[in-house]
Amino acid sequence: MRLRMQSLVAISYGVDATLLLLFHFAGTLPLWVPAAYLAVAVVACALFFLLLASSWPERRNDQNLTGIQMPVAAAVQLTFLLLAPQLGFFFLTILFIVFAFGALRLDPKEASFAWAALAAGLGAVLWQVRGELALPNRTEFEIVLVWASFTLVFGRCVFLGVYGSKLRVSLRKQADELAASIRRIEELASRDELTKALNRRSMLAILEQHLSAAQNHGQSFCVALFDLDNFKQINDRHGHLTGDQVLQTFSQLTQATMRSSDSFGRYGGEEFLAVLVGTTPELALNLIERVRLRVAEYNWTTISPGLSVRVSAGLAGYRQHDSITSVTGRADRALYEAKKTGRDRVAVAA
Ligand code: GH3
Ligand code: MG
Ligand code: MG
């Protein structure tokens, strides 16, 4: 990319040298002016090609060496303005290309500095060549060359502007793609791989938020801990793959039953956690019962012949001064009660 841009710079110098040679044939300049210009251009381009191809630019902030190329190019034009003022307009207009090139990469501070340096240099040179500065237009050939010079300078300025806007568009696209990747990574990191439900880390973060909302704004919430009944047996009798499918289906059934404001995730193994907002344990019990019934009534034999699945749950409501551990601890003890008193049931924490 850097070397391609440098090739364009070299071509640009070539265009200038050719125009200068034609001005020599038009009688405007002695031959040494295009010869010297070409020599300087070849040396400068060769040096920058070597520098850009080396690893040196990678260690710099300014990887395209714009901060060096631009002053060099501006100095070349000012020198030739001094040496051949009879073609003054030519070197003055090339400065537009030099600055359009610089504007692609310089930051506002550097650009201001470059502009001030040019103002000083240009002022000194113009002072030196006073009375000699010219735009040759004596012959038709000179007129054609002046026209060609202006046109080619404008063309290169426009090209640099278009190139700059293309660069901005592609940077914008890259930034958008990066943002989309980050969103995707965050999404992946927040979900359980098997069931696609929220994972334990996300559920704990959500619980933390609800806890602080409850403490600060008095908004109550409930926690329900689900544990599939005799899941080890399901694995043993129907295989681990069926077990996985049961976990997936249970997760889907539960999420379809719950309200969109509620959160549901896999807490670990065959245990799931739900956080229900703005509700009391008495009201939440209805919803959790509906989940339990839906699981019990689901036609599990479509997954494996003879398969039946039951779930138990423990429910606890937020209490003042609760922590994550205390509220989930009560839900866990309620779950233990549900298991102890026969499974396939919901128990509310005392
Ligand atoms: P209980 O009714 O008392 O809860 O009995 P249980 O068999 O469900 O309890 P236990 O905790 O002993 O067994 C849980 C089983 O869940 C053991 C483990 O192999 C299984 N399990 C945990 N994670 C997965 C998983 O991702 N896939 C499958 N297929 N099984 C899992
Ligand atoms: Mg368990
Ligand atoms: Mg279990």
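Atoms within a ligand are numbered from 1 in the order they appear, just like the ligands themselves.
- Only the side chain of Asn235 comes within 4.0 Å of ligand 1, judged by heavy-atom distances.
- Per-residue contacts place Gly243 under 4.0 angstrom from the following atoms of ligand 1 (heavy atoms of the residue considered): 29 (N).
- Scanning the protein heavy atoms around atom 26 (O) of ligand 1, the nearest turns out to be Arg266 NH2, 2.8 Å.
- The hydrophobic cluster containing Leu87 also contains Val33, counting ILVMFWY residues as joined when their side-chain heavy atoms lie under 4.5 angstrom apart, directly or transitively.
- Follow the hydrophobic side-chain contacts under 4.5 Å out from Ile303 and you never reach Leu241; the two are in separate clusters.
- Protein non-hydrogen atoms do reach within 4.0 Å of atom 4 (O) of ligand 1.
- Near the Mg ion (ligand 2), less than 2.8 Å away, sit the protein N, O or S atoms Asp227 OD2, Glu270 OE2.
- In this structure, the side chains of Phe96 and Phe154 stay at 4.5 Å or more apart for every pair of heavy atoms.
- For the residue pair Asp192 and Thr195, a side-chain donor N or O sits within less than 3.5 Å of a side-chain acceptor on the partner.
- Between Val246 and Leu228, some side-chain heavy-atom pair lies under the 4.5 Å cut-off.
- Between the side chains of Ser190 and Arg201, not a single donor N or O lies within less than 3.5 Å of an accepting N or O.
- Close contacts of ligand 1 with Leu228, meaning ligand atoms under 4.0 Å from a residue heavy atom, involve 2 (O), 4 (O), 8 (O).
- Residues Gln69 and Gln6 bring a donor and an acceptor atom of their side chains to less than 3.5 Å of each other.
- The closest protein non-hydrogen atom to atom 6 (P) of ligand 1 is Phe231 N, 3.4 Å.
- Within the set Lys339, Gln248, Glu270, the minimum heavy-atom distance to atom 15 (C) of ligand 1 is found for Glu270.
- Note on Leu31: it clusters hydrophobically with Leu22, by side-chain heavy-atom contacts below 4.5 Å among ILVMFWY residues.
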Practice item. Walk me through it: do Thr28 and Glu142 pass the test side chain to side chain donor-acceptor pair (under 3.5 Å)? Key: CA-CA 8 Å; Thr28 321; Glu142 279 186 336; 2.6 Å; yes
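- In terms of polar-atom proximity, Gln233 is not counted as a contact of ligand 1, lacking any N or O under 3.5 Å from an N or O of the ligand.
- Under 4.0 angstrom from ligand 1, the non-hydrogen atoms of Asp244 come from both its backbone and its side chain.
- Aromatic ring centroids of Tyr267 and Phe226 lie 6.0 Å or more apart.
- Residue Leu247 places no N or O, backbone or side chain, under 3.5 Å from any N or O of ligand 1.
- Applying the side chain to side chain contact (heavy atoms under 4.5 Å, CB included) rule to Ala331 yields the partners Val223, Leu225, Ala316; only residues at least two apart in sequence or on another chain are considered.
- The distance from ligand 1 to the heavy atoms of Asp229 drops below 4.0 Å at these ligand atoms: 2 (O).
- Under the 3.5 Å distance criterion, with hydrogens and angles disregarded, a donor-acceptor pair is assigned to the side chains of Gln255 and Ser251.
- Considering only non-hydrogen protein atoms, atom 22 (C) of ligand 1 sits nearest to Gly269 CA, 3.5 Å.
- Close approach to Arg343 involves these atoms of ligand 1, each under 4.0 Å from a residue heavy atom: 1 (P), 2 (O), 3 (O).
- No part of Gln245 comes within 4.0 Å of ligand 1, judged by heavy-atom distances.
- Ranking the protein heavy atoms by distance from atom 12 (O) of ligand 1 puts Lys232 CD, 3.9 Å first.
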Practice item. Could you go through the side chain to side chain donor-acceptor pair (under 3.5 Å) check for Arg345 and Ser312 one step at a time? Key: CA-CA 5 Å; Arg345 64 193 60 214; Ser312 300; over 6 Å; no
